[in-house]
Amino acid sequence: MAEFSKQLERLEAIVRRLESEDLDLDEALKLFEEGIERLRVAREQLSQAELKVKKVLEIESPS
Amino acid sequence: MGARLDLFSAASAEGAWTVGEVTKRARAVIEAGLPPLWVRGEIAGFKAWRSGHWYFSLRDQSAQLRCVMFAKQNFMLPAPSDGMQVFVFARPSLYEEKGEFQLTVMELLSTDQGGLWKLAFEKAKAALTRDGLLDPARKRRLPPFPRRIAVVTSPDGAALRDIQAVIGRRWPIAELIIVPAQVQGAKAEGSVCSALNRISRLPVDVLVVARGGGSIEDLWAFNTERVARAVAAMPMPVISAIGHETDVTLCDLVADLRAATPSAAAEAATPDRVEVLQQCGVLGQRLARALRIASRHVVERLDRTGDRLVRSMDTRLEKSGALLTAHSARLDALSPLRVLGRGYAVARDENGKILKRVAQLPAGKEFRLRVTDGEVNGRVQ
């Protein structure tokens with residue numbers, strides 16, 4: 001799964017681009033579709049319920 | 001006393017004490033007569049042995065006492081230096097191997113500038129400052145959406161439970177990597193350093209170093225220069241939450257962020273999932289709105305293009321019109337009527353054939369002459 005912060009950054013970039021630029025309808029639609037997909041993935045990531053916990057044992061003999 | 005002392009018989013093997021017997025007896029007398037007590041004086045000839053044991057003298061203007069402080073008593077204590085005024089709690093005894101009267105020190109407190117701890121703290125802090133490790137410009141920003149969060153703390157302390165609970169509530173998207181360490185006692189310094197060393201090789205976005213409250217001795221590992229330097233060298237941002245809010249350790253000072261409690265450190269390390277979901281909602285709305293606006297732009301542009309097309313057609317028609325006028329003017333100029341208008345005339349026979357040559361016009365020949373405003377009859381003479 002892509003990193004959440006990258007997902008959100010890309011989403012923000014898409015929204016800004018769509019808001020600011022005079023785009024072809026084709027390109028606007030493409031951006032919109034990508035934005036919706038990224039939004040869906042981001043929401044899915046956010047809905048993950050369980051914190052994953054991993055214990056790493058320390059190296060016993062301190063140098 | 002009255003009897004004469006028989007030196008020779010007293011000096012026999014049976015009558016004399018061995019050295020060992022004397023020192024043993026003297027030691028017993030001293031230990032029985034002088035219970036552990038507080039002594040104050042100035043430190044002189046301080047020496048720390050590789051074994052960790054400390055040897056020094058305590059002195060005042062008139063006397064001095066040999067002192068030993070064993071490693072198991074001094075392990076967490078910063079070393080004092082010569083000339084320092086101290087209090088020691090010690091057991092007077094006799095070191096039999098050398099027959100020396102000495103104090104076995106169990107506690108050592110400095111009266112100088114807030115004590116040994118404070119002195120050692122200031123000394124280490126000065127060294128860190130000199131190397132620029134406390135420079136505020138070194139502080140790194142925390143990642144807004146961490147993927148992997150590592151925690152160095154005691155595996156069974158309240159600090160870990162608090163951190164786990166807060167991260168689990170706010171940002172369960174993350175993976176929590178716990179690296180247990182001894183956070184107090186003789187091995188704490190080495191244990192914390194080796195945990196940090198371990199984490200520095202893992203792909204971790206942010207690190208929390210935490211320990212619950214305790215006495216300055218309990219927190220001492222986090223006040224050592226070695227731990228402080230290890231924290232400063234971590235490749236990822238570090239949040240430090242050591243002790244209570246009032247205790248600021250060197251670890252806190254070199255960390256990128258200092259949190260008052262382990263829970264606060266966990267909060268600082270994570271965004272709140274609920275807020276991020278709201279943020280996503282807003283982005284979704286903006287996305288939809290932006291598409292509406294973008295498509296409106298496109299429609300407007302289509303309209304504009306249509307207008308331009310019509311306008312260009314008009315222009316072309318206008319141009320063609322002008323051309324037509326010009327052409328007709330030129331046609332007009334070539335019209336025979338216009339030529340007649342300039343004073344020329346055309347002669348034709350009765351069939352309407354134009355008579356252009358002398359041979360066509362013999363004497364007596366009748367013709368019709370066309371001038372600009374009509375025709376007349378004529379005859380060649």
Side-chain angles (χ1 to χ4, degrees), chain A, chain B residues 143-152 155 164-165 167-182 187-199 202 205 271 273-274 276-277 279-291 293-295 297-299 301-302:
Chain A
M1 197 162 12
E3 193 181 335
F4 185 83
S5 62
K6 295 252 162 63
Q7 201 77 256
L8 207 63
E9 264 168 41
R10 175 69 187 143
L11 183 55
E12 276 168 349
I14 287 170
V15 170
R16 274 198 305 274
R17 177 123 190 268
L18 209 51
E19 279 174 346
S20 68
E21 282 181 43
D22 218 0
L23 299 164
D24 288 344
L25 192 55
D26 240 19
E27 210 174 332
L29 272 172
K30 230 181 269 169
L31 278 173
F32 178 76
E33 270 166 21
E34 190 192 336
I36 289 295
E37 174 60 14
R38 286 188 184 265
L39 198 62
R40 188 190 63 74
V41 174
R43 284 205 163 111
E44 200 177 287
Q45 284 177 314
L46 284 173
S47 63
Q48 179 188 313
E50 280 284 305
L51 176 67
K52 268 184 277 173
V53 178
K54 204 160 82 185
K55 222 169 243 192
V56 175
L57 292 181
E58 72 167 304
I59 302 160
E60 258 312 304
S61 57
S63 52
Chain B
F145 307 106
R147 248 185 321 177
R148 288 200 193 75
I149 305 170
V151 180
V152 171
Q164 203 168 328
I167 295 178
R169 171 169 52 79
R170 283 172 63 89
W171 195 241
I173 295 96
E175 188 180 347
L176 186 64
I177 299 166
I178 299 166
V179 186
Q182 287 188 33
K187 288 187 184 158
E189 183 180 347
S191 175
V192 170
C193 283
S194 94
L196 291 175
N197 182 39
R198 188 81 193 265
I199 289 167
L202 298 175
D205 300 317
R273 171 161 62 153
V274 177
V276 179
L277 265 171
Q279 200 182 330
C280 282
V282 171
L283 280 171
Q285 285 165 10
R286 278 173 65 189
L287 200 60
R289 206 175 128 254
L291 181 70
I293 292 170
S295 50
H297 279 329
V298 172
V299 170
R301 221 166 53 198
L302 271 178

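The chains referred to below are lettered A, B, ... by the order of the sequence lines, with proteins before strands, and numbering in each begins at 1.
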Minimum heavy-atom distance [X]-[Y], with the two atoms named:
X: B:Pro180; Y: A:Lys55; value: CG-CG, 4.2 Å
X: B:Ile173; Y: A:Gln45; value: CG1-O, 3.2 Å
X: A:Leu46; Y: B:Cys280; value: CD1-SG, 4.0 Å
X: B:Phe145; Y: A:Ser5; value: CD1-CB, 3.6 Å

If you tally heavy-atom pairs under 4.5 Å against chain A, which of B:Arg148, B:Gln164, B:Arg169 wins?
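Heavy-atom pair counts peak at B:Gln164.
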Less than 4.5 Å apart, side chain to side chain, heavy atoms only: is that true for A:Leu8 and B:Leu283?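 The answer is yes; the side chains approach within 4.5 Å.
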To the nearest 0.5 angstrom, please state how far the [atom1] atom of [X] sits from the [atom2] atom of [Y].
X: A:Lys54; Y: B:Leu176; atom1: NZ; atom2: CG; value: 11.0 Å
X: A:Arg38; Y: B:Leu287; atom1: CZ; atom2: CG; value: 12.0 Å
X: B:Ile149; Y: A:Leu51; atom1: CD1; atom2: CG; value: 7.5 Å
X: B:Gln285; Y: A:Leu39; atom1: CD; atom2: CG; value: 10.5 Å

(Q) How about CZ on A:Arg43, more than 12 heavy atoms from neighbouring residues, nucleotides or ligands closer than 6.0 Å, or not? (A)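 Count over threshold, so yes.
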**Report entry** Side chain / backbone / both / neither for A:Glu27 at chain B, heavy atoms under 4.5 Å
**Finding:**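 No part of it gets close to chain B.
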Between B:Cys193 and chain A, with a heavy-atom cut-off of 4.5 Å, which part of the residue counts as in contact: side chain, backbone, both or neither?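 Answer is neither: B:Cys193 stays 4.5 Å or more from chain A.
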